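Notes follow once the structure below has been shown.
Small disclaimer: the values here were computed from a predicted structure and weren't measured.
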Amino acid sequence: MKATLRLGRIAGVVVGLHWSVLGIVVLLLVSLLARLPVDFPAYGTTAYVVAAVLTVVLFVLSLLAHELAHAVVARRNRVEVDGITLWLLGGAARLRGDAPSPGAEFRIAVVGPLASLLVAGLFVVMTWLTAWFDGGLMWVQVLLYLAAVNAVLAVFNLVPAAPLDGGRVLRAVLWAWRGDRVRATVWAARAGRVFGFLLVAGGVLAAVRGFSSGLWWVLLGLFVVTMAGAEEQRARAGTTLGGLRVRDVMTPDPDTAPGDRGVAEFLVDTALARRHSAYPLLDDTGRIAGLVTLNRLRAVPPDRRSTTVLRQTACPPGAVPTAAPDEPLTALLPRLGGGADGRALVLDGERLVGIVTPSDITRAVALRGLDVEPGAAGADPGHADRS
């Protein structure tokens, strides 16, 4: 889940918004603006608007506090964090790789719900203080609503089903008990699929009975089922690719292009003569300036290709996943799938030494199935085609 709008950094973690977060913002605003005048008719229009906007802002900040807790604890447990993105169904802290131990996994998972419970407690205190100083019934109810929402968020996330935080807790417990992280991940993912189907069934039943919230539960259930299935597939892929490093599957010394080269010239002189579909761009100092693919070049209108340079259509360097040559391949897979173009650049310090594409991963899986180690001598003739 990539951010559409970057907000900045908090505690060293990049925070952004996905465009879909507008869905929950609009839904809450419309709901509150429709409900507040009915429940509290003594207030004016300005008060209703301020209360609705303030509630939405505090709700979004509550989600951010939940994800920021995950990110901070992850970094303290030697897990890199790519950033936090708030979106339609909440938030996501994008962790770069898995926790190094069951204990670290448990701490990273449980701190999010604990943060939500802490925020709920703060809103309870604010509710009490507002009532004590006679701040107005509507404001008391708004704060109480936020306290309840954060408490529900904490409890819901503790359900032992992936991809929820409770699923991570379950995985940590099973991992510590059985000593097998992959099997623990599969069990937590299967629990998530069961829970997701239950949400879908409950949502359909609620919708049939006339409750519009049932559609929301169906959407949430489908998300849980999809993400749980993806986690199980990733765990099984990790079994197949376990022990491999990035350098074992990468295409070494990829062809590059200068960022200021014209699109039309590049297509005629380079793209047509080579079988590659992705080219890293370098600036005048030899540093990465982005990644251009044939799909991106295809999007440039023919009449503008002679006046457009490659860097104008390339994926910016900050959005291209990177990896170190000796990094475990399984740690790269989540970033590779989350990248805008599905490729990752391999850097030794600041020097480009390779590129990893989905076809490289597919080939590695196929070779493992033939009991041939990717990267072994004589096992690398197909790397010329990076499709």
Side-chain angles (χ1 to χ4, degrees), residues 1-9 14-23 25-26 82-83 85-88 92 94 249-323 332-347 350-363 382-387:
M1 184 61 62
K2 289 289 185 179
T4 306
L5 174 64
R6 178 171 168 172
L7 300 180
R9 289 179 178 268
V14 177
V15 178
L17 299 177
H18 187 262
W19 63 266
S20 62
V21 78
L22 292 175
V25 168
V26 171
D82 283 337
T85 302
L86 302 179
W87 68 299
L88 176 64
R94 303 190 306 280
V249 305
M250 73 180 187
T251 299
D253 302 320
D255 293 328
T256 62
D260 57 357
R261 191 174 186 184
V263 170
E265 177 189 357
F266 176 80
L267 288 174
V268 173
D269 295 343
T270 302
L272 291 179
R274 311 254 176 111
R275 298 175 61 189
H276 309 325
S277 61
Y279 296 83
L281 301 184
L282 303 180
D283 60 19
D284 294 336
T285 65
R287 294 187 178 184
I288 299 298
L291 179 71
V292 68
T293 64
L294 296 186
N295 285 335
R296 287 180 175 271
L297 296 178
R298 188 181 296 117
V300 180
D303 60 339
R304 294 180 54 190
R305 291 173 181 173
S306 60
T307 58
T308 302
V309 295
L310 293 178
R311 66 170 175 267
Q312 292 177 298
T313 188
C315 182
V320 181
T322 60
L332 172 62
L333 293 180
R335 306 200 303 277
L336 189 66
D341 293 306
R343 278 89 168 172
L345 300 181
V346 185
L347 304 178
E350 294 185 354
R351 184 171 65 91
L352 177 68
V353 296
I355 186 171
V356 178
T357 71
S359 59
D360 292 325
I361 305 300
T362 301
R363 184 171 180 275
H383 268 288
D385 183 6
R386 300 197 315 264
S387 52

message: I'd like to know whether Val346 forms a side chain to side chain contact (heavy atoms under 4.5 Å, CB included) with Leu352, so could you lay out the CA-CA distance, the side-chain angles of the two residues, the decisive distance to 0.1 Å, and finally the verdict.
response: CA-CA 6 Å; Val346 185; Leu352 177 68; 5.8 Å; no
Decide yes or no on side chain to side chain contact (heavy atoms under 4.5 Å, CB included) for Arg351 and Val353, but give the supporting numbers first. CA-CA 6 Å; Arg351 184 171 65 91; Val353 296; 3.6 Å; yes
Salt bridge (Lys or Arg N to Asp or Glu O under 4.0 Å) for Asp260 and Arg311? Distances and angles first, verdict last. CA-CA 6 Å; Asp260 57 357; Arg311 66 170 175 267; 5.0 Å; no
Passes side chain to side chain contact (heavy atoms under 4.5 Å, CB included), Val15 versus Arg9? Steps please.
CA-CA 6 Å; Val15 178; Arg9 289 179 178 268; over 6 Å; no
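Residue Thr293 holds its OG1 atom at 6.0 Å from CZ of Arg296, rounded to the nearest 0.5 Å. Rounding to the nearest 0.5 Å places OG1 of Thr322 at 12.5 Å from CD1 of Ile355. For the atom pair CG of Leu297 and OG1 of Thr308, the computed distance is 10.0 Å after rounding to the nearest 0.5 Å. To the nearest 0.5 Å, the span separating CE on Met250 from CD1 on Ile361 amounts to 12.5 Å. Of the inter-residue distances, the one linking Leu17 atom CG with Leu5 atom CG reads 5.5 Å to the nearest 0.5 angstrom. Separation of atoms SG (Cys315) and CG (Leu281) is listed at 10.0 Å; rounding is to 0.5 Å.
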Distance-only donor-acceptor pairs under 3.5 Å for side chains of residues 284-292, two or more places apart:
{"from": "Thr285", "atom 1": "OG1", "to": "Asp283", "atom 2": "OD1", "distance (Å)": "2.8"}
{"from": "Thr285", "atom 1": "OG1", "to": "Asp283", "atom 2": "OD2", "distance (Å)": "3.4"}
{"from": "Arg287", "atom 1": "NE", "to": "Glu350", "atom 2": "OE1", "distance (Å)": "3.2"}
{"from": "Arg287", "atom 1": "NH2", "to": "Glu350", "atom 2": "OE1", "distance (Å)": "3.3"}

Could you go through residues 261-274 and list every donor-acceptor pair under 3.5 Å that involves a side-chain atom there, pairing it with any protein atom two or more places apart or in another chain?
{"from": "Arg261", "atom 1": "NH1", "to": "Thr270", "atom 2": "OG1", "distance (Å)": "2.9"}
{"from": "Arg274", "atom 1": "NH1", "to": "Asp255", "atom 2": "OD2", "distance (Å)": "3.1"}

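Checking side-chain atoms of Thr307 against main-chain N and O of Arg304 turns up a donor-acceptor pair under 3.5 Å. One N or O on the side chain of His18 and one on the backbone of Ser20 form a donor-acceptor pair closer than 3.5 Å.
Side chains of Ser277 and Arg343: a donor-acceptor N/O pair is present below 3.5 angstrom, by distance only.
Residues Val356 and Leu332 are in side-chain contact: their nearest non-hydrogen atoms beyond the backbone lie under 4.5 Å apart.
Listed here is the closest heavy atom pair of Pro254 and Gly354: CD-CA, 3.6 Å.
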